[in-house]
Q: 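My questions will all concern the structure given below.
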Amino acid sequence: MRHVITVTLNPALDQTGNLQILKPGAVNLIERASLRPAGKGINVACVLAQLGQSVIVTGFLGSDNDNDFVELFKQWKMTDAFVRVPGNTRVNVKLAESNGRVTDVNFPSFEVAKAYQKELIEQLTELVNDNSLVVIAGSLPRGVDPGYIQQLIGTVKANGGKVYVDTSGAALKAAVLAEPDLLKPNIDEFAELVGESVSKTNLPALVNSVCDSSVQTLVVSAGRDGLYSFGPFGQHQCLPPKVEIESTVGAGDTLVAGLSLGWLTDSSTEKCLIRASALAAWAVTQHGVDVPSAQKLEQLMAEVEFKALEQGG
Ligand SMILES: O=P(O)(O)OC[C@H]1O[C@](O)(CO)[C@@H](O)[C@@H]1O
């Protein structure tokens, strides 16, 4: 049976606070707050688990403060394969203003010694087979070089698995060279990758120049503009339904979960992209990554505008 393994190399406890307007350099009072175990791959796994999928979660986790993570994995019946490393998992602060703007203050991670990096590669060699989709998501913790992501992708591919990657900066540059099955940068991360500012008009040409034929599918998330998808099944855009924004944190991860669900359920490209967009739209209406009811999901999917992109613009 097809299954998903998510890899979070740099998880975080997300301390999210909502306020009217953030005033730098002044005292700011938070109106609503939450503290949640998170990190990109863990968020992906949470969405999939809520949609009834069984997920293995792995990566690195600080051994000194893993209680909330362990609780979360138990709650959603995820298989906890995280390699414990000495120290604390970081806390990331998210400040969400009433106009929808979010300021991320991401704290430094634990340090991951080479022995733990090797342990994770060995573990994936054991876990991955040709029914596996491995989602590698998030930044690299201290002590982990960008080349490590290539080793991870290589290990998954060598064992017959599919690999989806959502990362940024040097790790994204390295990942492209290792030819994953799908890459999901956001539009700013993609602009950094290509070294140019990106618009709807120049996006298709830039995608072709960067990815050549090495990455099968590239999905660029673009906030209110939804997503752009380039792959063997054509070039498409999905425009999301209009929703009240509470916090955009986790929307990209929810999108990746939706794309993974498409693979798990062998959905058509259209259904996969529309469902992923609808789930991501729901994600911005709340703190965290809860999923809508089946009925609400149907309604949101009906409101997504799916269209083929004209070649060259
Ligand atoms: O892995 P990165 O890029 O440091 O980002 C981690 C942050 O991203 C999120 O997963 C949201 O996408 C947060 O939960 C977390 O704080």
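Start at 1 and go down the list; that is how both ligands and their atoms are numbered. Numbering of residues begins at 1 and proceeds along the displayed sequence.
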Q: Among T248, N18, T103, N106, which residue meets the side chain to side chain donor-acceptor pair (under 3.5 Å) test with K94?
A: N106
Q: If we count only N and O atoms by modelled type, under 3.5 Å, do the side chains of H287 and S34 hold a donor and an acceptor together?
A: yes
Q: In terms of residue, atom name and distance, what is the protein heavy atom nearest to atom 1 (O) of ligand 1?
A: S139 N, 2.8 Å
Q: What protein heavy atom sits nearest atom 5 (O) of ligand 1, and how far away is it?
A: K40 NZ, 3.0 Å
Q: Go through it in stages, so that I can follow the logic: the residues are S54 and K77, the test is side-chain hydrogen bond (donor to acceptor under 3.5 Å, both in side chains), and I'd like the CA-CA distance, side-chain angles, deciding distance and then a yes or no.
A: CA-CA 7 Å; S54 61; K77 298 190 174 49; over 6 Å; no
Q: Which protein heavy atom lies closest to atom 6 (C) of ligand 1, and at what distance to 0.1 Å?
A: R90 NH2, 3.5 Å
Q: Taking heavy atoms and a distance under 4.0 Å, where does Q15 meet ligand 1: side chain, backbone, both or neither?
A: neither
Q: Okay, side chain of Q150, backbone of A174: is any donor-acceptor separation there less than 3.5 Å?
A: yes
Q: Quick check on contacts: which atoms of ligand 1 are under 4.0 angstrom from a heavy atom of A38?
A: 14 (O)
Q: Return yes when G252 approaches ligand 1 closer than 4.0 angstrom through a heavy atom, no otherwise.
A: no
Q: Quick one: which of D253, V289, T8, L13 has a heavy atom closest to atom 11 (C) of ligand 1?
A: D253
Q: Measuring from the heavy atoms of S168, does anything fall under 4.0 Å of ligand 1?
A: no
Q: Under a 3.5 Å threshold, yes or no: a donor from one side chain and an acceptor from the other, between T265 and R275?
A: yes
Q: Under 4.0 Å from any heavy atom of N43, which atoms of ligand 1 are there?
A: 9 (C), 10 (O), 11 (C), 14 (O)
Q: Can you check whether C272's main-chain N or O pairs, donor with acceptor, with S267's side chain at less than 3.5 Å?
A: no
Q: Going by distance only, is there an N or O of K94 that falls short of 3.5 Å from an N or O of ligand 1?
A: yes
Q: Distance-only, no hydrogens or angles: does the E189 side chain make a donor-acceptor pair with backbone N or O of N186 under 3.5 Å?
A: yes
Q: Show me which atoms of ligand 1 lie under 4.0 Å from any heavy atom of G138.
A: 1 (O)
Q: Would you say R36 contacts ligand 1, with heavy atoms under 4.0 Å as the rule?
A: no
Q: Which pair of non-hydrogen atoms, one from S197 and one from N202, has the smallest distance, and what is that distance?
A: O-ND2, 3.0 Å
Q: Just wondering, more than 12 heavy atoms not from K118 lying within 6.0 Å of its NZ?
A: no
Q: Return the option from N186, V91, D14 holding the heavy atom at the smallest distance from atom 13 (C) of ligand 1.
A: D14
